[in-house]
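Down below is the structure, laid out as structure tokens.
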There are 2 protein chains.
Amino acid sequence: MTTHNILDKMASDAKLSKKETAKQQKIVEAAIAIFAEKGYSNTSTSEIARKSGVAEGTIFRHYGTKENLLLSVIVPFLKQSMPTLAQELSHEVNPQNNLHFEDFIRAFIRNRYNFLRENRDIFRVVIKELLYRDELRKDLFPYILKEMVAFFDIAIDHYKARGELGDLPNQKLFRMFLSVIGSHLVTRFFLSSDDLGKEEEEEQIEDLVRFLTNGVS
Amino acid sequence: MTTHNILDKMASDAKLSKKETAKQQKIVEAAIAIFAEKGYSNTSTSEIARKSGVAEGTIFRHYGTKENLLLSVIVPFLKQSMPTLAQELSHEVNPQNNLHFEDFIRAFIRNRYNFLRENRDIFRVVIKELLYRDELRKDLFPYILKEMVAFFDIAIDHYKARGELGDLPNQKLFRMFLSVIGSHLVTRFFLSSDDLGKEEEEEQIEDLVRFLTNGVS
DNA sequence: ATAAAAAGTGAGTGGTCACTTTTATTTTAT
DNA sequence: ATAAAATAAAAGTGACCACTCACTTTTTAT
């Protein structure tokens, strides 16, 4: 099987194909928690070993290097991230369903909210490490953007045809959506520690939706 | 002299009051460059000593700890950051000058562009460390936000009175402005390495201005 | 049942780290 | 000019790091 994208390539480099043992799960679990809290550089392998109840040697038997353990955390998260998005939002970009652009934006934000709520710690690890690793970012960003653009293009064209979006270039619209929603998600799940109430969260989502639908009309 | 805000407090904690020697300037200069590139944790004091042409002991004579050296980089940057903003934008919030909200936004973005262009490396250091240091962030964010809100409130009220802004709560307007502009600046000066041409930069600024003035009208 | 393979262990190992102490040089005061 | 004080350089120091290795235990295959 050939590797078609950078994530597959990284996954195979990191030999992630084999299924995990119970101890491996413990190791990854502990690594995510400690990396998320203190960052990769400030986390020692001995600490991960202690927290996961495993000998330090076991970590290196399975992952070879500390770096490789990090990739074993990040890569599956990113691989999972894209498909669920496209799949769960197929309803909103289907011409059969008479939905408004507003509904698409709302569904998109809700989807990312739920995804990040369930993967909060890994999200923190990824954000931190993407900032520190220029190489990783340079490889990953264009790939992720391409996937996103491909998906958004369909939606944008769809809603343009319905006359619900101005005739700004898709790229500009895309960039605005992403920066507004992205910065909101980062501040929501990364910077602010306290949990929001359900209704406060709904209100913030509606503010975003209103802002985005006005900002480009 | 009493300490009125957290930055003064941090500065006095770090004993930043005394004027710098030539070697200290060299040390701080080298530290900024290497911290920006590799991050604080991945930078050794011996490397800073080598790059600044100084013995390692000299660093510790002046700064005591590596942590303290970091503060000597971050704090002056933050202290400088606010006053220049308020001062350079006083023109745009003066009722005497018959300016539009659009002009205010444009001036604000331009101001931050110029500021960050001149302090790119320090900006990178600050962003990275704010992500890693929950404590620092928790102390600093509310203070910076308070300063910003105080400033923005004047502007928002001013342009509301002129009927150029809808009657959304100031806080919501403020949050939207800041997240849109902030995420743009982070991607511009932190994530993207290549330099933009002057006209491309102007176009991006105009896109932002247009988006923000539409988004809240 | 038994041999082979895989998983797990924990005491090292060399090297680097932030920081200290000692020694040398420069600056200042008289 | 010279002693005292400030500054810089150089040579440590112990703690900790990622990683290895010889070995034991568990799982799998026949």
Side-chain angles (χ1 to χ4, degrees), chain A residues 12-75 125 128-129 132-133 135-136, chain B residues 13-74 125 128-129 132-133 135-136:
Chain A
S12 63
D13 284 356
K15 296 187 212 108
L16 299 176
S17 40
K18 291 170 186 172
K19 58 188 76 144
E20 295 183 310
T21 69
K23 299 236 170 189
Q24 271 177 288
Q25 281 176 17
K26 285 281 205 181
I27 291 167
V28 168
E29 210 173 283
I32 289 173
I34 308 180
F35 285 164
E37 191 201 331
K38 314 203 305 179
Y40 174 81
S41 291
N42 304 316
T43 302
S44 69
T45 47
S46 70
E47 195 178 352
I48 297 171
R50 202 182 324 124
K51 174 146 187 166
S52 54
V54 149
E56 205 174 341
T58 308
I59 295 175
F60 289 93
R61 165 151 313 272
H62 286 298
Y63 300 99
T65 64
K66 189 188 166 191
E67 177 91 16
N68 218 340
L69 172 58
L70 175 68
L71 290 180
S72 302
V73 167
I74 290 181
V75 172
V125 176
K128 278 179 180 162
E129 287 314 309
Y132 268 87
R133 291 156 189 277
E135 206 50 47
L136 190 67
Chain B
D13 284 356
K15 295 185 213 107
L16 299 177
S17 40
K18 290 173 187 171
K19 58 189 78 145
E20 295 183 309
T21 69
K23 300 238 170 189
Q24 271 177 288
Q25 280 176 18
K26 284 281 205 180
I27 291 168
V28 167
E29 212 172 281
I32 289 173
I34 310 179
F35 286 164
E37 190 201 332
K38 314 204 305 181
Y40 174 80
S41 291
N42 304 315
T43 302
S44 68
T45 48
S46 69
E47 195 179 352
I48 297 171
R50 202 182 324 123
K51 175 145 186 166
S52 54
V54 150
E56 203 175 341
T58 307
I59 295 175
F60 288 93
R61 166 151 314 270
H62 285 300
Y63 300 98
T65 64
K66 188 187 167 191
E67 178 91 14
N68 218 339
L69 172 58
L70 175 68
L71 290 181
S72 301
V73 167
I74 290 182
V125 176
K128 279 179 180 162
E129 287 314 308
Y132 269 88
R133 291 155 188 278
E135 205 50 46
L136 190 67

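Naming convention: chains lettered A, B, ... in sequence-line order (proteins, then strands); numbering from 1 in each chain. These numbers come from a predicted model, not from an experiment.
- Helix-axis bend for the helix from C:dA1-D:dT30 to C:dT30-D:dA1: the local axis fitted to the five terminal pairs at one end deviates from that at the other end by 10°, rounded to 10°.
- Between the side chain of A:Lys128 and the backbone N or O of A:Ala36 there is at least one donor-acceptor pair closer than 3.5 Å.
- When distances are taken from the side chain of A:Thr58 to each of D:dT20, C:dT9, C:dT20, the shortest belongs to C:dT9.
- The phosphate of C:dG8 (OP1 or OP2) has a side-chain N or O of A:Thr21 nearer than 4.0 angstrom.
- Comparing atom distances between the B:Lys66 side chain and each of D:dA8, D:dA22, C:dC19 picks out C:dC19 as nearest.
- DNA chain C lies under 4.0 Å from at least one heavy atom of each of the following residues of residues 32-57 of chain A: A:Val54, A:Ala55, A:Gly57.
- A 4.5 Å side-chain heavy-atom check between B:Lys23 and B:Arg61 finds every atom pair outside the cut-off.
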Pairs of donor and acceptor atoms involving the side chains of residues 47-55 of chain A, under 3.5 Å and at least two apart or interchain, shall be tabulated with distances.
from: A:Glu47; atom 1: OE1; to: A:Lys38; atom 2: NZ; distance (Å): 2.9
from: A:Glu47; atom 1: OE2; to: A:Lys38; atom 2: NZ; distance (Å): 3.3
from: A:Ser52; atom 1: OG; to: A:Ile48; atom 2: O; distance (Å): 2.6
from: A:Ser52; atom 1: OG; to: A:Ala49; atom 2: O; distance (Å): 3.3

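- Put simply, the side chain of A:Tyr63 never gets that close to the backbone of A:Leu71: no donor and acceptor are under 3.5 Å apart.
- In terms of phosphate contacts, B:His62 brings no side-chain nitrogen or oxygen within less than 4.0 Å of OP1 or OP2 of D:dT7.
- With a 4.5 Å cut-off on side-chain heavy atoms, A:Lys26 and A:Thr58 do not count as touching.
- Comparing B:Glu67 and B:Arg61 by the nucleotide of DNA chain C whose heavy atom lies nearest to each, the residue mapping closer to the 5' end is B:Glu67.
- When the shell of 6.0 Å around CD of B:Glu56 is examined, it contains more than 12 heavy atoms from other residues, nucleotides or ligands.
- As rounded to whole Å, 16 Å separates atom C1' of D:dT7 from atom CD of B:Gln25.
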